[in-house]
Amino acid sequence: MLKNLVLAVAMLFTVATAANAADYASQDEAKAMAEKAAAHVKSAGLESAIKDFMTPGGQWHDRDLYVFVFDAKGVTIAHGAKASLVGRDLTGLRDVDGKQFIKEFLAVADSGWVDYKWQNPTTNAVEPKSSYIIKVGTDLVGVGAYKQ
């Protein structure tokens with residue numbers, strides 16, 4: 001009886017963990033979306049792409065993935081999860097550990113990863129995140145994956 005109970009609890013934990021993992025996108029998926037978003041900016045133009053990125057649902061939102069765009073000064077041009085950040089200079093923003101990650105975004109020469117902590121829009125918890133940043137002209141296009 002105890003053996004069956006332990007087995008049932010283990011199976012429940014495995015199913016719950018797998019379901020939770022499915023809610024989180026991978027870094028590969030974040031990078032692929034960032035590359036697709038950068039290509040969209042180049043082909044559609046920044047203004048049109050921003051409208052697309054800011055539209056809830058659709059191809060620019062997938063589970064915990066969304067596109068964000070900053071100009072060369074650190075002003076938010078688009079943010080798929082928090083529209084209230086658009087137009088704000090976030091260069092002084094720090095994560096919960098004091099890391100000024102927007103400044104690290106601005107330091108990306110061509111493309112690269114930046115690690116920091118940010119509020120996950122699907123869980124509302126502050127979680128470790130790794131964002132892939134791509135420079136498009138003078139602007140920065142990014143998509144991040146929350147780490148489990």
Side-chain angles (χ1 to χ4, degrees), residues 8-44 46-148:
V9 169
M11 288 175 56
L12 183 62
F13 177 76
T14 301
V15 169
T17 301
N20 189 34
D23 293 340
Y24 284 81
S26 70
Q27 283 188 262
D28 289 340
E29 290 170 309
K31 182 178 179 182
M33 184 183 281
E35 289 170 340
K36 186 176 177 183
H40 186 55
V41 169
K42 291 175 185 174
S43 67
L46 183 61
E47 189 173 320
S48 179
I50 288 169
K51 288 178 185 172
D52 295 338
F53 300 153
M54 296 294 295
T55 302
Q59 67 178 328
W60 306 111
H61 296 85
D62 179 14
R63 294 164 289 168
D64 56 348
L65 296 180
Y66 55 87
V67 178
F68 54 85
V69 183
F70 287 91
D71 72 11
K73 295 180 181 179
V75 175
T76 312
I77 298 173
H79 198 286
K82 290 188 181 238
S84 62
L85 296 177
V86 174
R88 294 181 55 194
D89 177 352
L90 299 182
T91 53
L93 184 65
R94 296 175 186 268
D95 74 0
V96 295
D97 294 330
K99 184 175 189 174
Q100 290 183 299
F101 59 94
I102 304 299
K103 288 185 178 180
E104 290 190 27
F105 290 176
L106 297 173
V108 171
D110 184 40
S111 63
W113 291 99
V114 175
D115 294 326
Y116 57 102
K117 293 181 180 168
W118 190 251
Q119 184 179 22
N120 184 325
T122 59
T123 66
N124 289 323
V126 174
E127 300 176 10
K129 183 175 185 176
S130 189
S131 288
Y132 193 72
I133 308 299
I134 301 172
K135 194 168 234 175
V136 179
T138 59
D139 299 318
L140 303 168
V141 175
V143 176
Y146 292 89
K147 298 178 179 184
Q148 300 179 48

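Counting only heavy atoms from C-beta outward, the side chains of Tyr116 and Ser131 approach each other to under 4.5 Å. With a 4.5 Å cut-off on side-chain heavy atoms, Val136 and Lys42 count as touching. Proximity of Ile77 to Ile50: side-chain heavy atoms (C-beta onward) are separated by under 4.5 Å at one or more points. The closest side-chain heavy-atom distance from Val69 to Thr76 is not below 4.5 Å. For the pair Ile134 and Leu140, the minimum side-chain heavy-atom distance is 4.5 Å or more. Put simply, the side chain of Lys117 reaches to within 4.5 Å of the side chain of Asp97, judged on heavy atoms. Contact of the Gln59 side chain with the Lys36 side chain is registered, since non-hydrogen atoms from C-beta on lie closer than 4.5 Å. Contact check for Gln119 versus Lys82: side-chain heavy atoms found under the 4.5 Å cut-off.
Listed here is the closest heavy atom pair of Lys135 and Ala109: CD-O, 3.5 Å. The nearest pair of heavy atoms linking Asp139 to Ala72 is OD1-N, 4.2 Å. Here the closest non-hydrogen pair linking Ala30 and Leu65 is CB-CD2, 3.8 Å. Of all the heavy atoms in Ser130 and Gln27, the pair that sits closest is OG-NE2, 3.2 Å. Closest of all the heavy-atom pairs between Lys73 and Asp89 is O-OD1, 3.8 Å.
Under a 3.5 Å cut-off, the side chain of Asn120 and the backbone N or O of Asn124 do not form any donor-acceptor pair.
The ring pair (Phe, Tyr, Trp, His ring centres under 6.0 Å) test applied to Tyr146 returns no partner, not counting sequence neighbours. Take Trp118 and apply the ring pair (Phe, Tyr, Trp, His ring centres under 6.0 Å) test, not counting sequence neighbours, and it matches Phe101.
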When you look at Asp64 and Asp23, which way does the side-chain contact (heavy atoms from CB on, under 4.5 Å) test go after all the steps? CA-CA 7 Å; Asp64 56 348; Asp23 293 340; over 6 Å; no
Check against side-chain contact (heavy atoms from CB on, under 4.5 Å), Ile133 and Val141: CA-CA 6 Å; Ile133 308 299; Val141 175; over 6 Å; no
Show your reasoning for whether side chain to side chain donor-acceptor pair (under 3.5 Å) applies to Asp28 and Ser26. CA-CA 5 Å; Asp28 289 340; Ser26 70; 5.0 Å; no
Can you check side-chain contact (heavy atoms from CB on, under 4.5 Å) on Arg88 and Val75, steps first, answer last? CA-CA 5 Å; Arg88 294 181 55 194; Val75 175; over 6 Å; no
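Side-chain polar atoms of Thr122 and Tyr24 form no donor-acceptor pair below 3.5 angstrom.
Cation-pi check for Lys31 over Trp113 is not met; the charged atom does not lie both under 6.0 angstrom from the ring centroid and within 45 degrees of its normal.
Between Trp60 and Phe53, the ring-plane angle classifies as perpendicular under the 30° and 60° cut-offs.
Here the CG atom belonging to Leu106 is positioned 10.5 Å from the CD atom belonging to Gln100, to the nearest 0.5 angstrom. From Glu35, atom CD reaches atom NE2 of His40 across 15.5 Å, with rounding to the nearest 0.5 Å.
Ring centroids of Tyr66 and His79 are separated by less than 6.0 Å, placing the two rings close together.
Under the salt bridge (charged side-chain N to carboxylate O under 4.0 Å, His left out) test applied with Asp115, the options Lys147, Lys129, Lys99 reduce to a single match, Lys147.
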